[in-house]
A.B. asks: 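Following this message is one structure expressed as structure tokens.
Each ligand, and each atom within it, is numbered from 1 in the order the structure gives.
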Amino acid sequence: MTEPIPYEEITEQSYAETAAASFTVTEVSSAILLLRGACPRCGAALEVPLVGGVFNGMRGVSPEAADTDGHVEPMACTCEHDHPNRPEGMTGCGAYWNLRIGVAAE
Ligand SMILES: [Zn+2]
Ligand SMILES: [Zn+2]
């Protein structure tokens, strides 16, 4: 056992890079994709549905990245772990990051 990670709204470039490298994508239907992977901070299994668009790869981008090439999807941990200091009604460990979802050109 390790000490529980306290809740903290935090992002690091490595979160996006880790998520981009480790998340997998499942096509639920022609319009819905499901991103699956582990939170880069606390390791919780996460599922993030994405609606619309043609998936053509993803990569981590900086939190300030502009939505220019493809679509930047903001993601956040939504685990149900018991993270100390978490505000009432919140989920997750506070980690957030952006993934750029490549959209195939027409
Ligand atoms: Zn987390
Ligand atoms: Zn967690």
A.B. asks: Any non-hydrogen side-chain atom of H81 less than 4.5 Å from a side-chain atom of C42?
C.D. replies: yes

A.B. asks: Below 2.8 Å, can you find an N, O or S atom of C77 next to the Zn ion (ligand 2)?
C.D. replies: no

A.B. asks: Between S14 and E12, is there a side-chain heavy-atom distance shorter than 4.5 Å?
C.D. replies: yes

A.B. asks: So, 2.8 Å as the limit: is an N/O/S atom of C42 located closer than that to the Zn ion (ligand 2)?
C.D. replies: yes

A.B. asks: Tell me the angle that SG of C93 and SG of C39 form around the Zn ion (ligand 1), rounded to 10°.
C.D. replies: 110°

A.B. asks: Does one hydrophobic cluster hold both I10 and L46, with members joined at side-chain heavy-atom distances below 4.5 Å?
C.D. replies: yes

A.B. asks: Is there a side-chain contact between C39 and C79, using heavy atoms and a 4.5 Å cut-off?
C.D. replies: no

A.B. asks: Would you give the angle at the Zn ion (ligand 2) between H81 atom ND1 and C79 atom SG, to the nearest 10°?
C.D. replies: 110°

